[in-house]
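Here is how names work: the chains are called A, B, and so on, in the same order as the sequence lines, proteins then strands, and each is numbered from 1.
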Amino acid sequence: MSITPIVKAILDKYESDNPGTKANLARILMQGHLGGTGKLVILPVDQGFEHGPARSFAVNPAAYDPHYHYQLAIDAGLSAYAAPLGMLEAGADTFAGQIPTILKLNSSNSWATSNNQAVTGSVDDALRLGCSAIGFTIYPGADDVFSMIEEIKELSAEAKSVGIATVIWSYPRGGKISKDGELALDVGAYAAHIAALLGAHIIKVKLPTAHIEQPEAQKVYAGTDWSNQADRVKHVVQSCFAGRRIVVFSGGAAKGSDAVYQDARDILAGGGNGSIIGRNTFQRPREEALDMLAKIVAIYKGQA
Amino acid sequence: MSITPIVKAILDKYESDNPGTKANLARILMQGHLGGTGKLVILPVDQGFEHGPARSFAVNPAAYDPHYHYQLAIDAGLSAYAAPLGMLEAGADTFAGQIPTILKLNSSNSWATSNNQAVTGSVDDALRLGCSAIGFTIYPGADDVFSMIEEIKELSAEAKSVGIATVIWSYPRGGKISKDGELALDVGAYAAHIAALLGAHIIKVKLPTAHIEQPEAQKVYAGTDWSNQADRVKHVVQSCFAGRRIVVFSGGAAKGSDAVYQDARDILAGGGNGSIIGRNTFQRPREEALDMLAKIVAIYKGQA
Amino acid sequence: MSITPIVKAILDKYESDNPGTKANLARILMQGHLGGTGKLVILPVDQGFEHGPARSFAVNPAAYDPHYHYQLAIDAGLSAYAAPLGMLEAGADTFAGQIPTILKLNSSNSWATSNNQAVTGSVDDALRLGCSAIGFTIYPGADDVFSMIEEIKELSAEAKSVGIATVIWSYPRGGKISKDGELALDVGAYAAHIAALLGAHIIKVKLPTAHIEQPEAQKVYAGTDWSNQADRVKHVVQSCFAGRRIVVFSGGAAKGSDAVYQDARDILAGGGNGSIIGRNTFQRPREEALDMLAKIVAIYKGQA
Amino acid sequence: MSITPIVKAILDKYESDNPGTKANLARILMQGHLGGTGKLVILPVDQGFEHGPARSFAVNPAAYDPHYHYQLAIDAGLSAYAAPLGMLEAGADTFAGQIPTILKLNSSNSWATSNNQAVTGSVDDALRLGCSAIGFTIYPGADDVFSMIEEIKELSAEAKSVGIATVIWSYPRGGKISKDGELALDVGAYAAHIAALLGAHIIKVKLPTAHIEQPEAQKVYAGTDWSNQADRVKHVVQSCFAGRRIVVFSGGAAKGSDAVYQDARDILAGGGNGSIIGRNTFQRPREEALDMLAKIVAIYKGQA
Amino acid sequence: MSITPIVKAILDKYESDNPGTKANLARILMQGHLGGTGKLVILPVDQGFEHGPARSFAVNPAAYDPHYHYQLAIDAGLSAYAAPLGMLEAGADTFAGQIPTILKLNSSNSWATSNNQAVTGSVDDALRLGCSAIGFTIYPGADDVFSMIEEIKELSAEAKSVGIATVIWSYPRGGKISKDGELALDVGAYAAHIAALLGAHIIKVKLPTAHIEQPEAQKVYAGTDWSNQADRVKHVVQSCFAGRRIVVFSGGAAKGSDAVYQDARDILAGGGNGSIIGRNTFQRPREEALDMLAKIVAIYKGQA
């Protein structure tokens, strides 16, 4: 594949990474319908771990099968597919070389009694399964965030040494953070910045609201109109080393198609790199999901 | 042994595993009277650890001797024998090569003050004792489940690298889960799914009741009649990657033979792979146990 | 030394062990006046760690000197001498090759605030000191028993690989276990069984009383007359893989000679392998202790 | 599989081995049409390495495909299939669990300028490929035999620790040994003895001639009539610890069927354990090879 | 076993050794009919490796069986049995704990083209087989002696750290040494001294002749009458740190009984510690060998 100037420019920003890691970032950035545009859409399927299989897949029973998701991501021309160990193992051979995969290395579940996750895989697993990246969630604000940070510190250092990229899901929660605060602009930008500081190659955060959570932060956010989502995206991107790191956004719980499209338009307008979109696709019938993803791709290409 | 098409199809689903691990899965699936059918019956004897020797064996004193269980499993034509370190060590040489063994790597006891288990063996032990698989219990829902998950993550990764299969006993308990909830359908399917996500080759859960435990899950289970046990089995199997993973069921505490047989019929009807049946066999006189196991085998062969 | 058929039969039961470990078991079983009988008497001196020097040795000041105990064990024709690191180091050269030693690898002390012990030595220490076995205490029932189990799991695996035997002191205490329960028959048999399951070669428990502690166990013990100590010993031996493992009993605190002799007779009658007897010997004047030990040896030989 | 008394008696002779290694020996001894008889026929396919593909396979082009040999060994009901790394890798998944495999860990080639071989695989390879044994060639007599011995010393120690058996091909050549001497009775018995001394579980040598090579050995062989091949086999078996080790014989270059059958009859009569037969089978058309192997199997069963 | 003052005095000379190593030396010195006398007779059986099985065992075919030698050493009341890996593995379990064993870690063969030996085992092997010592041959004078020295340096250092003793066979040959010189007094004393300098616990040399090989050494040996073998033994013992190290002598090739007895008398008279005697025993019929060994033992006890 011939790397486009846009992708080359993005890769150049990861200036301390070895060529192996860059090659894996390039694979993601050159894959699928958005290949070469610097934009990306990732399909994540860890909802079964987080919420149980029935709540995740009963609405679209074909999705109980791990192959379904690999095929959906490939057929929709997405950039990468992210899932926990067992889900990738169940299709890694069949789909070897067909789509970059991201091994999600930690997961929580519905009964978790603390804001933390269990580590469920390793960089060695990522290598043997041919993954382009590892994924890891941190909960800024949580009592356990230091240990989560120390876990990803070890894992990403090992991953970088063997040429595998790191994606950090940075989800503020717990501790002093209110429920509204989890989506607050100041908190989201801060969470994204922490992920960047931890050395993530790709940062995944939720689309923030205009709420400002921290009293100490009110002053700096005051006097600016944050009602436009694209402006909030722009602020998050700015918080990730002024755009030197790839940032993708999730839209949260399943919602209407139009809301999903508007999110994508705002991410594009704000300079975000794309979407990570799970339940909004695999919880729809396959044809409907393919249509939605085609539309999102078109938006990121500036064609819709 | 010539692998049957049914067994070959099962092995093909473990697509990321190395031939060593598949050979050990094949040994289990080709062993005994059910060899080649894709069905299996495993004899587990860890009750001495869990409940003490007298409560486990006094009713049938011959069962105090570890050789008794090896011989029972062999004479009944079962698929594998699972036990903790000391139990296997006490017969591993005498019965070397006669029946696949599963080294149970963690165990609890009657005085445990937390929902956790102690790790009592290693993958190196499994290799030197010639085991085909390691076994490990997790307690989804328990406060300590993350550390249990991280233990099996390490052990199963090591086991996979040396060609040994992994069996996960997934038993929900503790934390927010009620006593009834431990056997609830939604909880059981979720627990099985977690085991699959952790990369288990064989998943062992309890037969679930029709109870739905989680408020958030009520909606997806509502409107379906779950009164038929076979339907519940089918849902658990579906939750294990749509049947891509072997699932065996335990019936819990000792009970009447007819109930045991009905369980096996329901497991068969629901597409489960078989039974793991301990107390219901070794707590009966040997001849009676052999008769019962012969009947169960016949059920799984569709002959009873 | 020419192994007797009795000893050979015992060694054959350790069927998964390498010849190095069997040679060390043989050394213990062929040592001293009971050599070749399949019976053994071990001198343990870890009371200084557990209760302090004065409470342990002031009554017989010669016993402050580590050489005293080596010499006592040798002169009494005992089977082995067990002590913590420093005690063995202080005499290991002088008495090299004269009596099998057991390096006690963990110890508690009078100020312990939890039911746990500190690991105070290693398998490498056992090798350089020429020990035939390592010794380790677990406290079934205690909150910390899982971590104790995980410690001995590591240590015994290493010991087995280099040909050193493992002796587990299994002393129920803590958690849900009452003071009376620590000596209860059901609890003691369970504790012995756990040691066997952990892969111990020699199991050391206390002589149990007729008390039954666990409500769930009442049923299986009911209807049998447990007033005879020999019957209780027999049940413990049965609980150690139906006699496939060596079981030795301690009598607990210092007591009258006649009680000690009766204990030995009951252990013999119940099929136990012998005694581990510390305070009852070294807290007596040397000559008195030698007389007592001579009598105990005679009992085990069926001569008294 | 239920071990026969004959096989159990053989396993018992490997008295220092762990149960894992014995289980793998048992797998070989219980496999195929000779399973349980204590006799075995192994298919080795390393001729491509030794002589090049065309000289090995052109006469029967189907044999260029590694699957051909797996299938031939299975269909003929042989005991095991031995080949170098790449040959096993090419079929290990398809045939996982269907026939015990032996990973040949060193190989020479037609251009070798010394009597030595290159090590081409590892014990880790054997584990991930699910092999029951490793195979290794030594050249007693060669200048490089010491380094070859030191290689197999390391490999077999590692293999034994993880439960994998060791097969040594002991082929005298080089140094002071004449061409005739390579097949001499004294030399062959000596070569077999060296393999036994190195700790091999299965010893593979060539059928010796009546020639006596070493001047110093003439005396001990003189006065006995060695013209009968069965007597020579008997002497080799005796040289392998008086029959405590499994010995299999190769017949060397491709030859007529009747000669092959006579070899098998002589091996049987002399107390050898069987044949390792490569070129004489896969260089014949498949049906012809199957017929020949069926006849050899029948001979070892005493039925032909 | 109660160490005698003679043995205690010998052990005290190994003043830098740890108690584990001393315990193993003690085991050898307290074993058998010479136990406690400070004298020892060792049975070595590596002739099969050195000269081939027929030249070693054909004269007494029972000796093809490794068990034969264990049993002979035990029945004759010898001090230890030394053999290569495979020979020990074949009986290590059956005879565990019955006689101290010495794992011979290197061996040559009849076709060796250099004065060197192949390393055929490890200290780990010695531990798992329960050996009291490792044995190793060096060839002072040979071109390869430096590499042999460096091998035993590594092996003995490891052995000492885990409490295993080291026996060095020091056999001058090669290089500038003439055939007569191999048995020369100056050469033999020098070879023994090198073994002592390498840290051997037990030094094994051949009985030297009165020949003086080295021109540079003529002067110091001149003027003394070396015709008496006991004097030559005395000089060798002197050369081993003035008697601070155990020295045993071999008599070389099989010879008449009277010569063997005279050798023993001379060794005793010269202050040597005993004999290592292989072919002269196992190449005789068992009863004859037992008689001879009984006589040798009696000589060392001063009773014959």
Subject >> Those residues that, when tested against V145(A), pass side-chain contact (heavy atoms from CB on, under 4.5 Å) (two or more places apart) >> reply: I149(A)

Original post:
Which one, G91(A), G130(A), A118(A), leads in non-hydrogen pairs under 4.5 Å with chain B?
Top reply: A118(A)

Original post:
What part of L85(A) gets closer than 4.5 Å to chain B, counting heavy atoms only: side chain, backbone, both or neither?
Top reply: both

Subject >> Region of A83(A) in contact with chain B, defined by heavy-atom distances below 4.5 Å >> reply: neither

**OP:** Side chain from CB out, backbone as N, CA, C, O: work out which of these in A196(B) comes under 4.5 Å of a heavy atom of chain A, or both, or neither.
**Re:** backbone

Original post:
Looking only at heavy atoms, what is the nearest atom pair of G48(A) and L197(B), with distance?
Top reply: C-CD1, 4.1 Å

Original post:
For P140(B), is it the side chain, the backbone, both, or neither that has a heavy atom closer than 4.5 Å to a heavy atom of chain A?
Top reply: both

**OP:** Apply the test side-chain contact (heavy atoms from CB on, under 4.5 Å) to residues F49(A) and L198(B): give CA-CA distance (whole Å), side-chain angles for both, the deciding distance (0.1 Å), then the verdict.
**Re:** CA-CA 10 Å; F49(A) 219 132; L198(B) 295 176; 3.9 Å; yes

Tell me which donor-acceptor pairs, judged by distance alone and kept under 3.5 Å, run between chain A and chain B, one pair per line.
unit_1, atom_1, unit_2, atom_2, d
F49(A), O, Y190(B), OH, 2.5
E50(A), O, Y190(B), OH, 2.9
H51(A), N, Y190(B), OH, 3.4
G52(A), N, Y190(B), OH, 3.4
D65(A), OD1, R244(B), NE, 2.7
D65(A), OD2, R244(B), NH2, 3.3
H67(A), ND1, R244(B), NH2, 3.2
H67(A), NE2, E15(B), OE1, 3.1
H67(A), NE2, R244(B), NH1, 3.3
G86(A), N, L197(B), O, 2.7
E89(A), O, S16(B), OG, 3.4
E89(A), OE1, K160(B), NZ, 2.9
E89(A), OE2, K160(B), NZ, 2.8
A92(A), N, E15(B), OE2, 3.3
D93(A), N, E15(B), OE2, 3.0
T94(A), N, E15(B), OE2, 2.7
T94(A), OG1, E15(B), OE1, 2.7
T94(A), OG1, E15(B), OE2, 3.0
S110(A), N, Y190(B), OH, 2.9
S110(A), OG, Y190(B), OH, 3.2
A112(A), O, K176(B), NZ, 3.4
T113(A), OG1, D143(B), OD1, 3.2
V119(A), N, E150(B), OE2, 2.8

